[in-house]
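See structure below.
Along the sequence shown, residues carry numbers from 1. Please read these numbers as outputs of a predicted model, since none were measured by experiment. Only this structure's heavy atoms are used, side chains among them; waters, hydrogens and symmetry mates stay out.
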Amino acid sequence: MEKIDKLDKKILSILSLNARMAFKDVAQECGVSRAAIHQRVQRLIDENIITGSGFTINPKSLGYSTCTYVGITLEKGSMYKDVVEELALIPEIVECHFTTGPYTMLIKLYARDNEQLMDLLNNKLQGIRGVVSTETMISLEQSLRREIPVISD
């Protein structure tokens, strides 16, 4: 991975606030050509520094009113990859992390309501081989969501 220079950091900072900003506008703000921005962004993508872009969909607009975090304890940590394969088959799960602390893994999921949440927990998650227990935490409100800050040297 090449070193990220000051211009890369400025581009990342701008695009992290508005990924839909036209390259010509990014170029103007950075004082370089549109072609230079295009080349830089492509390199940042190729080097896995920029790992995605797109639209963020409001889950409530699709009928998913309950955001839930579930701590999962596995029988053995070595079962993690197999459990992840099973979790990947559940479309309501949007994040999965292998963690330290009281849980082997932590997932984030969306449910339409408490009835669907109970079905997901009892009939899907807890039925996966290796899952010993789950602890559910319902998010009442998402107060903050952002990218990691890009700090210039």
Side-chain angles (χ1 to χ4, degrees), residues 1-74 76-112 116-117 120-121 124-125 128 130-131 134-153:
M1 183 184 314
E2 281 188 42
K3 182 162 170 41
I4 300 173
D5 66 16
K6 215 173 204 172
L7 178 57
D8 290 333
K9 287 182 180 180
K10 187 164 188 175
I11 293 166
L12 290 170
S13 181
I14 292 166
L15 292 177
S16 70
L17 296 174
N18 181 4
R20 296 177 61 196
M21 182 181 264
F23 283 179
K24 70 175 181 61
D25 296 331
V26 176
Q28 185 176 6
E29 200 167 320
C30 292
V32 298
S33 71
R34 188 173 63 81
I37 296 299
H38 187 280
Q39 290 170 349
R40 292 281 184 132
V41 169
Q42 189 57 56
R43 182 180 56 80
L44 293 168
I45 290 168
D46 293 344
E47 293 181 3
N48 248 1
I49 295 166
I50 295 176
T51 58
S53 66
F55 298 99
T56 303
I57 299 168
N58 180 349
K60 288 181 182 179
S61 69
L62 300 175
Y64 292 92
S65 61
T66 305
C67 174
T68 307
Y69 294 87
V70 181
I72 300 174
T73 303
L74 299 182
K76 294 184 279 184
S78 61
M79 301 176 92
Y80 177 76
K81 287 183 181 179
D82 294 331
V83 172
V84 169
E85 287 178 18
E86 294 295 317
L87 294 175
L89 300 174
I90 303 170
E92 293 85 357
I93 297 174
V94 296
E95 286 184 29
C96 177
H97 303 268
F98 193 18
T99 61
T100 62
Y103 313 113
T104 312
M105 52 198 324
L106 185 67
I107 63 170
K108 179 180 180 181
L109 64 83
Y110 286 95
R112 287 183 192 80
Q116 185 193 21
L117 175 59
L120 288 167
L121 292 169
K124 297 205 175 160
L125 294 177
I128 296 172
V131 172
T134 61
E135 184 173 341
T136 305
M137 297 156 274
I138 294 175
S139 171
L140 300 175
E141 176 183 313
Q142 179 177 317
S143 304
L144 186 61
R145 180 173 196 240
R146 62 181 171 203
E147 292 296 318
I148 193 77
V150 179
I151 300 169
S152 295
D153 299 328

Roughly how far, to the nearest 0.5 Å, is [atom2] of [Y] from [atom1] of [X]?
| X | Y | atom1 | atom2 | result |
| --- | --- | --- | --- | --- |
| Leu87 | Glu85 | CG | CD | 10.0 Å |
| Lys24 | Glu29 | NZ | CD | 12.0 Å |
| Leu117 | Ile138 | CG | CD1 | 5.5 Å |
| Lys108 | Ile93 | NZ | CD1 | 13.0 Å |
| Cys30 | Phe23 | SG | CZ | 11.0 Å |
| Ile37 | Lys10 | CD1 | NZ | 9.5 Å |

* Would you please classify the geometry between the Phe98 ring and the Tyr80 ring as parallel, tilted or perpendicular, with 30° and 60° separating the classes? =>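 Answer is parallel, since the angle falls under 30°.
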
* For Tyr69, all residues meeting ring pair (Phe, Tyr, Trp, His ring centres under 6.0 Å), sequence neighbours excluded ->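 Once residues adjacent in sequence are excluded, Tyr69 has no partner under the ring pair (Phe, Tyr, Trp, His ring centres under 6.0 Å) criterion.
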
* With a cut-off of 6.0 Å (strictly less than), are more than 12 heavy atoms of other residues, nucleotides or ligands near CD1 of Ile57? ->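 At most 12 heavy atoms, drawn from other residues, nucleotides or ligands, come within 6.0 Å of this atom.
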
* **Exceeds 12 heavy-atom contacts within 6.0 angstrom, atom CD of Gln42** =>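 Result for CD/Gln42: enclosed.
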
* Asked: Only one of Ile128, Val131, Asp82 forms a side chain to side chain contact (heavy atoms under 4.5 Å, CB included) with Leu74, so which one is it?
  ->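 Result for side chain to side chain contact (heavy atoms under 4.5 Å, CB included) with Leu74: Val131.
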
Side-chain donor or acceptor of [X] paired with backbone N/O of [Y] under 3.5 Å:
| X | Y | value |
| --- | --- | --- |
| Ser16 | Glu147 | no |
| Lys124 | Leu89 | no |
| Thr73 | Tyr103 | no |

Taking the side chain as every heavy atom from C-beta outward, state whether [X] and [Y] have any pair of such atoms under 4.5 Å apart.
| X | Y | result |
| --- | --- | --- |
| Leu44 | Leu15 | no |
| Asp5 | Arg40 | yes |
| Asp8 | Arg43 | yes |
| Asn48 | Thr51 | yes |
| Thr56 | Arg145 | yes |
| Leu109 | Leu125 | yes |

* Which atom names give the shortest non-hydrogen contact between Met105 and Cys96, and what distance separates them? ->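 Reported closest heavy-atom pair: CE-SG, 3.4 Å.
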
* Asked: Given Leu106 and Met137, is the side chain to side chain contact (heavy atoms under 4.5 Å, CB included) satisfied, shown in steps?
  -> CA-CA 11 Å; Leu106 185 67; Met137 297 156 274; 4.2 Å; yes

